[in-house]
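The block underneath contains the structure these notes are about, expressed in structure tokens.
Here the structure is a predicted model, which is why all the values come from computation and not from measurement.
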Amino acid sequence: MVFSRAGTVLGFGRRAADVPEGTAEAIRARVGKREFSAFIAEAVERELRGQVLDEYLADYESRKGPVSEPARQRARQVFDEVFAEEAEWPAAD
């Protein structure tokens, strides 16, 4: 792992991201060195799914009107179930 002033530089195949050293230490303490990359990948995928769902719901609301909280929660559950079936984030064409 390479360290910079901003923190730990994480390599993702050909990708890298800066993580503040305190955050990296907290992750290592929670999951250990061996699971560090998996933890980061899962967190990024959760964030992506959340943002995509939020965008979908905002678009739906702009066209059809407000979405109730129970419907919003059900949409999140269904969305998470669909993506849980995939081994990784779908690649863009």
Side-chain angles (χ1 to χ4, degrees):
M1 204 152 294
V2 178
F3 296 95
S4 68
R5 279 192 253 179
T8 302
V9 177
L10 304 174
F12 295 101
R14 293 183 217 158
R15 311 292 185 265
D18 287 333
V19 174
E21 188 55 35
T23 302
E25 288 176 14
I27 294 168
R28 279 190 220 99
R30 181 165 296 275
V31 300
K33 290 180 181 180
R34 291 182 173 248
E35 297 300 318
F36 188 90
S37 293
F39 182 90
I40 297 297
E42 289 171 15
V44 169
E45 288 188 14
R46 272 193 313 274
E47 180 65 21
L48 281 171
R49 284 194 311 268
Q51 286 186 12
V52 168
L53 179 58
D54 290 345
E55 291 167 4
Y56 171 79
L57 290 171
D59 177 64
Y60 182 91
E61 286 182 323
S62 73
R63 292 181 291 111
K64 304 279 187 174
V67 176
S68 70
E69 189 54 36
R72 187 176 291 277
Q73 290 174 0
R74 178 67 180 134
R76 189 165 302 282
Q77 180 184 4
V78 169
F79 199 77
D80 286 343
E81 289 170 3
V82 168
F83 276 95
E85 295 172 3
E86 299 293 326
E88 60 186 42
W89 189 260
D93 290 329

*Exceeds 12 heavy-atom contacts within 6.0 angstrom, atom CD of Glu35*: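 Count not over threshold, so no.
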
Out of curiosity, [X] [atom1] to [Y] [atom2], how far, rounded to the nearest 0.5 Å?
X: Phe79; Y: Arg49; atom1: CZ; atom2: CZ; value: 8.0 Å
X: Thr23; Y: Ile40; atom1: OG1; atom2: CD1; value: 8.5 Å
X: Phe36; Y: Ile27; atom1: CZ; atom2: CD1; value: 4.5 Å

_Verify same cluster id: Val67, Val78 (apolar side-chain graph, 4.5 Å)_ =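 They do not share one cluster, since no chain of ILVMFWY contacts under 4.5 Å joins Val67 to Val78.
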
*asked:* Within the 3.5 Å criterion, strictly below it, is a donor on Glu47 or Gln51 matched to an acceptor on the partner's side chain?
replied: yes

*Determine the minimum heavy-atom distance between Leu57 and Ala75, stating which atoms define it.*
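For Leu57 versus Ala75, the nearest heavy atoms are CD2-CB, 4.3 Å.
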
With a 4.5 Å heavy-atom cut-off, do [X] and [Y] have their side chains touching?
X: Glu42; Y: Glu45; answer: no
X: Asp59; Y: Arg63; answer: yes
X: Gln73; Y: Arg76; answer: no

_Pair Gln77, Arg72 - check side chain to side chain contact (heavy atoms under 4.5 Å, CB included), show working._
CA-CA 9 Å; Gln77 180 184 4; Arg72 187 176 291 277; over 6 Å; no

*Test salt bridge (Lys or Arg N to Asp or Glu O under 4.0 Å) on Glu21 and Arg28 and set out the steps.*
CA-CA 10 Å; Glu21 188 55 35; Arg28 279 190 220 99; 3.4 Å; yes

